[in-house]
Amino acid sequence: MTFRSEFLARLEARGFIHQLTDAQGLDDLAAREPIRAYIGFDCTAPSLHVGHLTQIMMLRHLQQSGHKPVVIMGGGTTRIGDPSGRDTSRMLLSDADIAANMASIKAVFERFLTFGDGPTDAIMINNADWLDGLEYIPFLREVGRHFSINRMLTFDSVKLRLDREQPLTFLEFNYMILQAYDFMELYRRHGVRLQMGGSDQWGNIVNGIELTRRIEGGELFGLTTPLLTTADGAKMGKTAGGAVWLNEDQLSHYDYWQFWRNTHDADVGRFLKLFTDLPLDEIARLEALGGAEINEAKKVLANAVTTLARGAEAAEAAAETARRTFEEGTAGTDLPRLTASGALPLVDALVGLGFAASKGEARRLIKQGGARVDGEKIVDEAHVLTIGNGSVKISAGKKHHGLVEPA
RNA sequence: GGAGGGGUGGCCGAGCGGUCAAUGGCAGCAGACUGUAAAUCUGCCGGGUUUUCCCUACGUUGGUUCAAAUCCAACCCCCUCCA
C-alpha cells in the first residue's frame, strides 16, 4: 500500500517493513500526530552488534519523521532470557553482568538518536523498573488469566523448541508474557502506541497488543522487520572473529569499516537503504554500478555506516588506511599493531596480531602461502622477524594486514 | 517415582575394545581465478613441538583391561511414555 505518513513511507521505501498489524490504522495515526514507539534490546552482551542495526536505524527514521523513540533496555527481561530464535537456553546472566552490559550498550544509541526532554527526543527506559517489583499472585491474576497455554504453545518461539524436542524451561516460557506486559506498561506510563522489532518478535508483539486491548482497551500497533541475511544466506553480522560489534571497545573502527567494505555485491543496495541515511536516488545510482565499479558503492556504504556508528573521523581514518593498504600496498595507520623488539618469530607475530588463533594455525598459514612480510611471501615456518627501527607490515591472506613496530 | 532413549570437536552427525585426534556434512581459514564480491577448483581445519613425539578431548567420577569415545558402576543433565 501507499503510506501517507512520512514515517511509514520511509520505512517502506527503504525495505524495513515485514509485517504490520494494522497498516491503515497506524498510517492514519502517524500521519495525524506524533507517536511514541519502542524497541526492546536485550542486555546479554556488552555491546549490540550489526544485527541490531536495523532496529536502531528504524528508531532513527522514527525520530527524523517527527516521532518519539523509546528505547527499552531489557534489564528485567534479560534475567529471563528470550527463547525466540534460539534452540537452546541462554546462560543465566548475573545481575551485575546485566548492569554492566546495559551501561556499555547505552552509549551506542547516542550516536544514532537525540536524547532529551523535547517532544521528539528519544528516551531510554529499563523494564526492570516495573518487572522487578512484580508480585507473583497479583500479576497472575491481572495478566496471567489473559494468556491461554493452548495459544502460547502455538507461538514459534515455543513451538520450535517443542518440535525439536529441546527443553524450554518455565522461566523462558514466561518471557513472552513479560514482554507483552512491557508493551502494556509502556502504554500506561508513556503512551507508547507502537512496538517494532525483528520478525522473530512478532509473537511477542502481538501478545502485547492483545493484552493491552483486553485490560486497558487501548489500541496498539506492531511492526516487524524482515530477518536480515546476507546474499549467501548467512545470518547478518557474524564473521570469523565473531559478531560485528557496534562498540569500539569490542571491535576497532578499521575492522568495522572493513566489514562493510566486504559486503557482497548483491547486498549493497539493500544495505545502503537500511543502514545509511543516503537519499534513495543516490542509492539507486550506486546500486546500478556494475562489475568492479560496485566497489565504489561499497566504499560509500562503509564510510556512511562507520560515520554513523563511530563518527566521521573514525570513518575517514579507516577509509584512508584501507586505501593505503589495499590500493597502494603500503600500510595505513589504523591497522592492528603489535610492538616488539629484537627477534620475533613470524608465527608469534601472526598470533599476536590476532590473525591466527594458535601457533599451529599460524604455521599452517605460512605453509600454505598466506603469510607475507612487507608484501613478500614467506613460506618458511621458522622465519624470524628482526625488528629494527622501522615497522614491519605483516599480512595474513589478502585481507588481514597489521604492523609490528619497534617498542 | 517407574520404564525406555540419549549426552561425541564451533554446529549437525557417524563410530560402539586397539588400526580414533575420532568418517561425513555445514561453518571457518589459505591458495588459484578475480574486483578487498560471488561462483568454482585445491589444500588445511584440537594444542604444542622441526614430529611417525608429547599433551588435552568423546556429560562427570571411579573401575575392568596390556589397551576404552567404545565394556561396567555411580552420579549429573536432556528427551519420550507411564504415575
Side-chain angles (χ1 to χ4, degrees), chain A residues 83 85-89 91-92 158 160-172 229-244 254-272 286-303 305-306 318-332 334-336 345-348 350-351 353-372 375 377-384 393-402:
Chain A
R86 300 206 118 229
D87 42 19
T88 50
S89 299
M91 276 189 316
L92 277 181
V158 172
L160 179 86
R161 288 277 189 88
L162 297 181
D163 287 350
R164 301 185 59 169
E165 299 190 351
Q166 273 153 340
L168 177 76
T169 62
F170 182 66
L171 177 77
E172 295 172 289
T229 53
T230 62
D232 54 2
K235 219 173 185 177
M236 182 75 187
K238 294 274 191 268
T239 65
V244 181
Y254 172 74
D255 285 333
Y256 189 76
W257 192 92
Q258 277 294 318
F259 169 77
W260 294 102
R261 172 63 245 266
N262 285 313
T263 298
H264 300 334
D265 287 9
D267 289 327
V268 173
R270 206 156 50 102
F271 286 4
L272 282 165
L286 290 166
E287 205 175 359
L289 294 173
E293 287 189 339
I294 193 127
N295 283 324
E296 290 312 309
K298 292 184 188 179
K299 286 181 205 166
V300 172
L301 174 69
N303 285 335
V305 179
T306 307
E320 175 58 14
T321 292
R323 194 187 63 76
R324 296 236 292 265
T325 309
F326 287 97
E327 292 173 24
E328 282 178 14
T330 58
D334 234 14
L335 293 178
L346 178 56
V347 213
D348 291 339
L350 289 167
V351 173
L353 285 163
F355 297 160
S358 64
K359 290 186 184 182
E361 195 176 311
R363 273 195 203 90
R364 210 175 295 137
L365 184 73
I366 298 170
K367 209 185 312 179
Q368 300 196 110
R372 270 163 296 147
K377 189 188 282 184
I378 304 290
V379 284
D380 175 16
E381 290 173 40
H383 186 83
V384 176
K393 182 183 166 200
I394 306 294
S395 308
K398 284 172 201 157
K399 288 191 193 160
H400 305 285
H401 305 277

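Proteins get letters first, then strands, A, B, ... in listed order; numbering begins at 1 in each.
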Self-check item: Whole-angstrom distance between B:rU19 and B:rU70, as gauged at atom P
Solution: 13 Å
Quiz item: For A:Asp348, what residues pass the salt bridge (charged side-chain N to carboxylate O under 4.0 Å, His left out) criterion, not counting sequence neighbours?
Solution: A:Lys359
Self-check item: Any side-chain heavy-atom pair of A:Trp260 and A:Asn303 under 4.5 Å
Solution: no
Practice problem: Whole angstrom is fine here: how far is it from CG in A:Leu350 over to P in B:rG48? | Solution: 13 Å
Self-check item: Contacts of A:Arg363 that satisfy side chain to side chain donor-acceptor pair (under 3.5 Å) - sequence neighbours left out
Solution: none
Quiz item: Distance between the C1' atoms of B:rA27 and B:rC44, in whole angstroms?
Solution: 14 Å
Quiz item: Once you round it to whole Å, what is the distance between P of B:rU36 and CG of A:Asn303?
Solution: 17 Å
Quiz prompt | Side chain to side chain, A:Ile366 and A:His383, heavy atoms closer than 4.5 Å | solution = no
Self-check item: Euclidean distance, atom CG of residue A:Leu301 to atom P of B:rU36 [Å, nearest integer]
Solution: 17 Å
Quiz item: Does a side-chain N or O from A:Lys399 land closer than 4.0 Å to OP1 or OP2 of B:rA37, or not?
Solution: yes
Quiz item: In whole angstrom, what separates A:Trp257's CH2 from B:rU36's C1'?
Solution: 9 Å
Exercise. With salt bridge (Lys or Arg N to Asp or Glu O under 4.0 Å) as the test, would you mind laying out the steps for A:Lys299 and A:Glu327 before giving the verdict?
Key: CA-CA 13 Å; A:Lys299 286 181 205 166; A:Glu327 292 173 24; 2.8 Å; yes
Exercise. Could you tell me how the ring of A:His400 sits relative to the ring of A:Phe355: parallel (under 30°), tilted (30 to 60°) or perpendicular (over 60°)?
Key: tilted
Self-check item: Span that lies between the P atom of B:rG47 and that of B:rU42, in whole angstrom
Solution: 24 Å
Exercise. Write down the distance between CD (A:Glu296) and P (B:rU36), rounded to a whole number of angstrom.
Key: 11 Å
Practice problem: Could you pull out all residues at least two apart from A:Ala297 that satisfy side chain to side chain contact (heavy atoms under 4.5 Å, CB included)? | Solution: A:Val268, A:Leu286, A:Leu289, A:Ile294
Quiz item: For A:Thr306, what residues pass the side chain to side chain donor-acceptor pair (under 3.5 Å) criterion, not counting sequence neighbours?
Solution: none
Quiz item: Hey, which of these two, A:Gly397 or A:Asp265, hits RNA chain B nearer its 5' end, going by closest nucleotide?
Solution: A:Gly397
Exercise. Find out whether A:Tyr254 and A:Pro336 are in side-chain contact, i.e. whether some heavy atom of one side chain is under 4.5 Å from a heavy atom of the other.
Key: yes
Quiz item: How many Å lie between CD on A:Glu381 and P on B:rU49, as a whole number?
Solution: 11 Å
Practice problem: Indicate, yes or no, whether a donor-acceptor pair under 3.5 Å links the base of B:rU36 to the side chain of A:Gln258. | Solution: yes
Quiz item: Using the P atom in both, what is the distance from B:rU51 to B:rA67, to the nearest Å?
Solution: 28 Å
Self-check item: Listed partners of A:Arg324 passing salt bridge (charged side-chain N to carboxylate O under 4.0 Å, His left out), at least two apart
Solution: A:Glu320
Quiz item: Quick one: A:Ile294 CD1 to B:rU36 C1', roughly how many Å, whole number?
Solution: 14 Å
Practice problem: Quote, to the nearest angstrom, the P distance that separates B:rC55 from B:rG4. | Solution: 40 Å
Practice problem: Report the residues that fulfil side chain to side chain contact (heavy atoms under 4.5 Å, CB included) with A:Ile394, sequence neighbours left out, ordered by chain and then residue number. | Solution: A:Leu346, A:Leu350, A:Leu353, A:Val373, A:Leu385, A:Val392, A:Val404
Quiz prompt | Rounded distance (Å) that lies between atom P of B:rG31 and atom CZ of A:Phe355 | solution = 13 Å
Quiz item: Quantified in whole Å, what is the P atom distance between nucleotide B:rU61 and nucleotide B:rC26?
Solution: 34 Å
Self-check item: side chain to side chain contact (heavy atoms under 4.5 Å, CB included) partners of A:Lys377, counting only residues at least two apart
Solution: A:Arg372, A:Val379
Practice problem: Select from A:Gly291 and A:His400 the residue whose nearest nucleotide in RNA chain B is closer to the 5' end of that strand. | Solution: A:His400
Self-check item: Donor-acceptor under 3.5 Å (A:Lys298 side chain, A:Thr263 main chain)
Solution: yes
Practice problem: Go through residues 358-371 of chain A and report each residue with a non-hydrogen atom lying under 4.0 Å from RNA chain B, sorted by number. | Solution: A:Ser358, A:Lys359, A:Gly360, A:Arg363, A:Arg364, A:Leu365, A:Gln368, A:Gly369, A:Gly370
Exercise. Apply side chain to side chain donor-acceptor pair (under 3.5 Å) to A:Ser358 and list each qualifying residue two or more places apart in sequence or on a separate chain.
Key: none
Could you go over nucleotides 55-57 of chain B and give all protein N or O partners under 3.5 Å, atom names and distances?
none

Practice problem: Check whether the side chain of A:Lys398 and the base of B:rU34 form a donor-acceptor pair under 3.5 Å. | Solution: yes
Self-check item: Interface residues of residues 323-331 of chain A with RNA chain B (non-hydrogen, below 4.0 angstrom)
Solution: A:Phe326
Exercise. Please measure how far the P atom in B:rC33 lies from the corresponding atom in B:rG28, and state the result in whole Å.
Key: 22 Å
Quiz item: Hey, does the side chain of A:Lys393 reach the backbone of A:Thr330 with a donor-acceptor pair shorter than 3.5 angstrom?
Solution: yes
Quiz item: What's the spacing between A:Asn295 CG and A:Glu293 CD if we round to 0.5 Å?
Solution: 9.5 Å
Practice problem: Sticking with atom C1', work out how far B:rA14 lies from B:rG24, rounded to a whole angstrom. | Solution: 7 Å
Quiz item: Across the strands shown, which category fits A:His401 at heavy-atom distances under 4.0 angstrom: base, sugar-phosphate, nothing?
Solution: nothing
Exercise. Using a 3.5 Å limit on both pairing distances, list the dot-bracket string of RNA chain B from the 5' end; Watson-Crick and G-U wobble pairs count, crossing pairs take [ ], interstrand pairs take |.
Key: ((((((((.[[[..)..(.....]]].(((((.......))))).(((....)))...[[[[[..)....]]]]]))))))).
